[in-house]
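Here is the structure we will look at.
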Amino acid sequence: MQLRADNLIVRYDGSEAAVLSNVSFAVESGEKVALLGDNGAGKSTLLLTLAGVLEPVSGGVILDGLVVKRENLHGMRQKIGMVFQNPDDQLFMSTVHEDVAFGPRSYGSAEEKIEQCMDKVFSRLGILHLKNRMTHRLSGGEKRLAALAGILIMEPSVLLMDEPFSFLDLRSRRRLEEILDTLPQTSLIATHDLEVAERLCTRAIVLKEGRVHADGPIGAIITRLKSMSITCR
Amino acid sequence: MLYRASAGINSLESLAAMDSPLHRVHPMAKLLTTLAYVFAVVSFPSQNVSGLTPFFFYPALAMPLASVPYRPLTRRLFAALPFALMGGIGSLISARETAFTLGSVPVTYGMLSFTSIMLKTFFLVFAVLILIATTPFTELVHQLAHLGIPPVVCLQFSMTYRYLSVLLLEASAMLTAYSLRSPGQNGVKMKDMGSFLGQLILRSFDRAGNVYRAMQCRGFQGVYWSSKNKNPRGGDVIYIALFLSVLLFLRFFNLSRFIGELVRQ
């Protein structure tokens with residue numbers, strides 16, 4: 001499924017300055033794109049706008065040729081899954097089972113189907129043992145995987161991930177990287193980790209001060225970034 | 001202290017996620033029986049201690065059935081008792097006429113009132129704690145909606161409960177950061193309290209906003225009832241019928257007096 005940002009301009013309430021200015025790009029079906037940029041460059045804002053949480057002042061988000069509007073937002077959100085930077089924001093139910101079931105239940109899925117899908121997703125992520133655990137008792141890595149399970153169970157066509165490797169130790173990062181590598185979804189991954197970005201993605205978009213600063217093959221972009229000493233670690 | 005409060009909410013949720021015969025009873029059955037129990041206990045006249053005493057049956061039976069540890073519940077019970085104690089002491093002072101003598105000890109109406117208030121508080125708080133410790137909060141809210149409570153009110157319950165732990169966690173993190181930079185200081189200084197509370201509100205607002213966005217991203221449109229939509233089973237109906245029968249019997253038949261008279265004969 002193709003995801004396109006068309007001339008997006010985003011401002012926060014009460015602010016004159018635009019957080020995103022004329023941001024345009026398209027992510028093709030099945031493509032994995034890294035979203036790079038300094039802190040405050042607008043990466044999270046862009047992801048929230050693409051997920052339909054923030055409304056652009058002008059421009060639009062187009063999913064497979066269909067403009068995301070308030071009227072079709074509910075249906076569109078099923079197709080776009082967003083993994084937040086802080087898994088604690090995303091895990092708001094008491095148990096992993098309840099939290100992962102939140103999305104499908106919101107869309108009125110039958111309990112039997114939810115259970116089937118849940119087992120499939122948990123097996124895929126290797127977290128079947130977490131199913132009945134309390135969310136506040138999970139480790140950072142486990143929380144991240146539980147949050148990802150809550151998104152994958154919705155079977156989204158597009159995955160938006162906001163710094164999915166933050167708060168993770170080396171082992172958890174490796175594991176998450178392996179999992180993300182096998183996901184077939186069109187993905188946009190905001191990260192500061194250039195090495196992981198290079199391994200996972202084929203293309204990168206660099207944001208700087210709310211504008212698309214560079215867009216191209218990941219290898220070329222990273223070489224350019226390193227030589228310009230812009231951004232990241 | 002704040003961390004303990006937040007952990008307290010989480011520990012109740014952990015208890016509610018356990019499995020026991022009482023946990024398996026349908027949430028609506030537990031809610032209805034608890035409401036009936038509360039109503040029955042409250043309806044006793046203020047000095048009727050003998051009628052109230054047999055109501056101990058519920059905590060006495062429910063605790064082993066629920067297999068929940070006593071400590072977390074009794075700790076919360078003790079938090080409520082001081083308020084009852086204040087009211088009870090007031091009765092002790094105001095009603096000093098002798099009701100009867102126990103051996104050679106005169107028992108005043110105030111003493112009866114005091115005992116009745118303490119018993120009622122004990123029974124009510126324990127009944128509610130047992131309900132919360134055996135039923136996930138989201139399922140309780142779901143059942144309230146079934147009872148005709150407006151969805152907007154149910155949503156408020158649900159969100160308040162959810163954001164309460166967010167607020168406590170933020171406050172706990174801020175207090176830790178404050179304490180680490182003010183050794184020997186107990187609590188927050190008055191001169192720092194304004195900015196501390198202001199920051200707390202702003203941070204909690206941000207966190208709550210993020211939680212809400214995450215909910216929106218997963219299809220939340222203002223109403224969500226977690227429950228697995230279990231239908232009550234035959235066992236649930238028997239539970240309600242049995243519970244209400246015992247309740248009616250104890251409410252209208254003074255078992256303590258009956259046993260007392262049997263013993264006297």
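Chain letters run A, B, ... following the sequence lines, proteins first and then strands; every chain starts at 1.
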* Using 30° and 60° as the class limits, which term best fits the ring planes of B:F122 and B:F56: parallel, tilted or perpendicular? -> parallel
* **Pick from A:A51, A:G150, A:G75, A:A147 with the largest number of heavy-atom pairs that fall under 4.5 Å of chain B** => A:G150
What part of [X] gets within 4.5 angstrom of chain B, counting heavy atoms only: side chain, backbone, both, or neither?
{"X": "A:D99", "value": "both"}
{"X": "A:Q78", "value": "neither"}
{"X": "A:D88", "value": "both"}
{"X": "A:L48", "value": "side chain"}
{"X": "A:F84", "value": "side chain"}

* Between A:R144 and A:E163, does at least one N-O distance fall below 4.0 Å, as a salt bridge requires? -> no
* To do: With sequence neighbours left out, write down each residue that passes ring-ring contact (aromatic ring centres under 6.0 Å, His included) with B:F57, or none if nothing qualifies.
  => B:F243
* To do: Give the C-alpha distance, both sets of side-chain angles, the deciding distance and a yes or no for ring pair (Phe, Tyr, Trp, His ring centres under 6.0 Å) between A:H74 and A:Y107.
  => CA-CA 9 Å; A:H74 189 60; A:Y107 282 95; 4.5 Å; yes
* Structure fact -> Those residues at least two apart in sequence (or on a different chain) that pass side-chain hydrogen bond (donor to acceptor under 3.5 Å, both in side chains) with B:N210 are A:D89, B:R213
